[in-house]
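Below is one structure, written out as structure tokens; comments come after it.
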4 protein chains.
Amino acid sequence: MGAQQAAEETRPASARVQRKRGRRIQTIVTTAAELFGERGYDAVNLEDVAERLDVTKGSLYYYFSSKDELATAAIETLGREWTARLEALLAGMSGTPAERLRALIHEHVTIAVRDHPAALRVFLVPREWPDAQHERIKTLRQEHNRLFRTLIEEGVAAGEFTVTSVGTVLQCMHAAMSQAPLWCSDLPEPARSRAIDEVTGTLMMLVGIAPA
Amino acid sequence: MGAQQAAEETRPASARVQRKRGRRIQTIVTTAAELFGERGYDAVNLEDVAERLDVTKGSLYYYFSSKDELATAAIETLGREWTARLEALLAGMSGTPAERLRALIHEHVTIAVRDHPAALRVFLVPREWPDAQHERIKTLRQEHNRLFRTLIEEGVAAGEFTVTSVGTVLQCMHAAMSQAPLWCSDLPEPARSRAIDEVTGTLMMLVGIAPA
Amino acid sequence: MGAQQAAEETRPASARVQRKRGRRIQTIVTTAAELFGERGYDAVNLEDVAERLDVTKGSLYYYFSSKDELATAAIETLGREWTARLEALLAGMSGTPAERLRALIHEHVTIAVRDHPAALRVFLVPREWPDAQHERIKTLRQEHNRLFRTLIEEGVAAGEFTVTSVGTVLQCMHAAMSQAPLWCSDLPEPARSRAIDEVTGTLMMLVGIAPA
Amino acid sequence: MGAQQAAEETRPASARVQRKRGRRIQTIVTTAAELFGERGYDAVNLEDVAERLDVTKGSLYYYFSSKDELATAAIETLGREWTARLEALLAGMSGTPAERLRALIHEHVTIAVRDHPAALRVFLVPREWPDAQHERIKTLRQEHNRLFRTLIEEGVAAGEFTVTSVGTVLQCMHAAMSQAPLWCSDLPEPARSRAIDEVTGTLMMLVGIAPA
DNA sequence: TATGAATGAGCGTTCATTCAT
DNA sequence: GATGAATGAACGCTCATTCAT
């Protein structure tokens, strides 16, 4: 490849190419996220990822230099999307802190149970992951926690919530929400929604809101 | 060698040997339980287990016929001991359901945080384990749950507890208690005890008991 | 890349690749057949096969998913080729049943002694092989036997042959032909051909044809 | 152990002890011969041998310094016993060479089919065995062949037998007799005896004796 | 860009052999 | 003499990674 061609590529052509590359990467990352979520880091091999994408193993290395890097990207994507959905929910609603917290928990559990039964492997047992991911997971979780923390503190300040310790409530809440897929995901539909509602109601009690 | 001598010597020797073998097996199982707990089934290899025991990999096969069998034994031991400690606690105390539940939660979290930071891998993410263990884990967890369930139902019947659904409360409680090691185990001592107390107080809210 | 180009390029390339893969597999199977024949299933390890092919053990798994499968392919190849050669011989000749049987025996022994001293391990001691191969071997041997059986029955019907029992004659004949490499293969050339002739003449006596 | 005691043991006590040791060794060797015969050298492990003898693996090393040595002894025993039985048969009978050869073949096949379906592994595929055994097997087989050879040469000299080459007839005969267990051993009793008779009759044709 | 092929380190498992008691 | 325990080398197999094309 000549230098000139290279120069041509880094500008206009390259923009289209890079967008394409970006989309390709997203496809891969999303697929990887599904698999890592379903089975965990160790139990996923690149052959599986490649097969689900209908490419060969070797191709993955054109986009990611290692399994670790792919996993990092997958987690990143998972975390971002999740937080974005929760933020979107909050942005579009008003009401008392209790109403909003209830909606937030409900949404979180719904995402976990319906879309990412996967994710508990990521957020629940971070030690399963290589150190590189470990830190990133922590950060993502903090961003994620921020949404809940803000709301809870608001409710406490308003005298609406009663808590022992905000930090502890967050940890417990998160643990329960993340593990919910274990007992909810396999339920047939009417029962599954009911189960999600129950979890939501139960977790509201952590801030002192009695069941309806 | 006469038959009598044989009767006097061979059998008692065999009994001693038997006991020795039993102890050896316990040592191995305990070590294995630690490692499986720390890293999960996939990430533990028999070389690691052997090294920690200061023997070679092959020796493990003198006692266990496969990694699976070793894992099964490790889980079994872990589960039994845990349940036994909780049962012992309940057997030695009286008081209102709230007092007893508080003690039970406190003990569970203490065991998890201090003695088996390990165990969350086992009880929290059962899907990580081969099918053979999967069922056994379920059973152990049920026995374990029974202690909590009985107490909660008693409290509800006495009008002392308020719950959305006993089953859901159990699941959430268990999830939080099991994950507690993640944020408590590495704390220095006075803080750790305080953290355990906070978790206890927070989880009592799941049955409608307000913080002190 | 346009769809047409893809159609013109990807498929033909894939066809060439396919053929290349086929050739590679044949090379491996042939090499494996030699080794299995020389030493038997148990005594051959994949390291040996790989070394003779000048690749690493792991590479074999790109083509065969287990030692068993490789062995099956090796046996299949061996059996097919052998039967094909015998069929080709018969197709190209006429004459009395005795003449044709003599030629058939001679060819079989020649193949065994010169080309596959190997094969006795396969056809002589089927119990040495895993069950998967066991059945396949039986089938191959039956196809193989069919050629001899047809001819012998023809000779018997024509009153040219005298036998105790066709089945038993086939078994004895096969046993001797297969084991011939043991005492013939290491002979220097003029003696080896003579030995093969003697075996042929001797085995013709099993159908009542006296030596020349 | 004091020198005196040793001195005492090497004489009178030692005789009894040594006989005992000899009997013990015979038991082990016989058992090993069975197993090697059933499964072949590679597929037999010392654990199996020990278990069948109801001792531990380690004990075998008190009598044999390696698996190889045990195998050698097993083959030796097998071969000796076999030859002895054939010699005994011949010693106790008279008649024409044909009558005696027929009896000899019949006895050989009967032993093979009924008592040592085993043995084909030993005598049919000597290459399966370590070099140490290889030579010994050859020798045993020669002794064994001698019985047949003598008889055949006698029959030829008497004009009763017609052969292409005595050596070749012996090889073919041996091959067939040894492999007979493969198709006879699993037959139910009346059929098995008949099959043995058929093999005998068929093999007599190798020396020019027509079926009855 | 993408593929098919190959590599090599590592893992679970087996087994002949050794040895203290 | 015999046992229980341990060892270490080897084997079948997996998989992340590399690379020529």
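The analysis underlying the following values was restricted to heavy atoms, covering all of them including side chains, and did not include hydrogens, waters or symmetry mates. Residue numbering restarts at 1 for every chain, and letters A, B, ... go by the order of the sequence lines.
- Whole-Å rounding puts the B:Asp42 CG to F:dA16 C1' distance at 15 Å.
- Protein atom CZ of C:Arg16 is 13 Å distant from nucleotide atom C1' of E:dG4, rounded to whole Å.
- Atoms CG and OG1, from A:Asp54 and A:Thr27 in turn, are 12.5 Å apart once rounded to the nearest 0.5 Å.
- Where C:Leu60 and B:Ser66 meet DNA chain E, the nucleotide closest to each residue was compared, and C:Leu60 sits on the side nearer the 5' end.
- The distance from atom CZ of C:Arg23 to atom CD1 of C:Ile28, rounded to the nearest 0.5 Å, is 13.0 Å.
- A distance-only check finds a donor-acceptor pair linking the side chain of B:Gln133 to the backbone of B:Asp68 [under 3.5 Å].
- Checking the phosphate oxygens (OP1, OP2) of F:dA2, a side-chain nitrogen or oxygen of D:Arg24 falls inside 4.0 Å.
- Nucleic acid contact class of D:Phe64 (heavy atoms, under 4.0 Å, all strands): none.
- Rounded to a whole Å, the CG atom of D:Leu46 is 16 Å from the C1' atom of F:dT3.
- Between B:Arg21 and F:dG4 there is no side-chain polar atom (N or O) within less than 4.0 angstrom of OP1 or OP2.
- A cation-pi arrangement is present between C:Lys67 and C:Tyr41 under the rule of less than 6.0 angstrom and at most 45 degrees off the ring axis.
- Ranked by how close their nearest DNA chain F nucleotide is to the 5' end, C:Tyr41 and D:Lys20 are led by D:Lys20.
- Listed nucleotides F:dT3, E:dT1, E:dG4 differ in distance to C:Val17; the shortest reach to its side chain belongs to E:dG4.
- Contact annotation: C:Thr56 does not reach the phosphate of E:dA6 (side-chain N/O to OP1 or OP2, under 4.0 Å).
- Summary of the strand contacts: D:Val44 and C:Ser59 both lie near DNA chain E, and taking for each the nucleotide with the nearest heavy atom, the more 5' one is attributed to C:Ser59.
- In this model, the phosphate group of E:dA6 is approached by a side-chain N or O of C:Tyr63 to a distance below 4.0 Å at OP1 or OP2.
- Following rounding to the nearest Å, C:Asn45 (CG) and E:dT14 (C1') show an atom-to-atom distance of 14 Å.
- Neither OP1 nor OP2 of E:dA2 sits under 4.0 Å from any side-chain N or O of A:Tyr62.
- Regarding D:Glu69, its CD atom lies at a distance of 10 Å from the P atom of E:dT17, rounded to whole Å.
- Across all strands shown, the partner of E:dA20 is F:dT3, judged by Watson-Crick or G-U wobble contacts whose two distances both fall under 3.5 Å.
- C:Gln18 has its CD atom 15 Å from the P atom of E:dT3, to the nearest Å.
- Across all strands shown, the partner of E:dT13 is F:dA10, judged by Watson-Crick or G-U wobble contacts whose two distances both fall under 3.5 Å.
- The phosphate of F:dC13 (OP1 or OP2) has a side-chain N or O of C:Tyr61 nearer than 4.0 angstrom.
- Between the OH atom in B:Tyr62 and the OG1 atom in B:Thr56 there is a gap of 13.5 Å [rounded to 0.5 Å].
- Of the inter-residue distances, the one linking C:Leu53 atom CG with C:Leu35 atom CG reads 8.5 Å to the nearest 0.5 angstrom.
- Rounded to whole Å, the distance from NZ on B:Lys57 to P on E:dT14 is 12 Å.
- To the nearest angstrom, C1' of F:dC11 lies 14 Å from CZ of C:Arg39.
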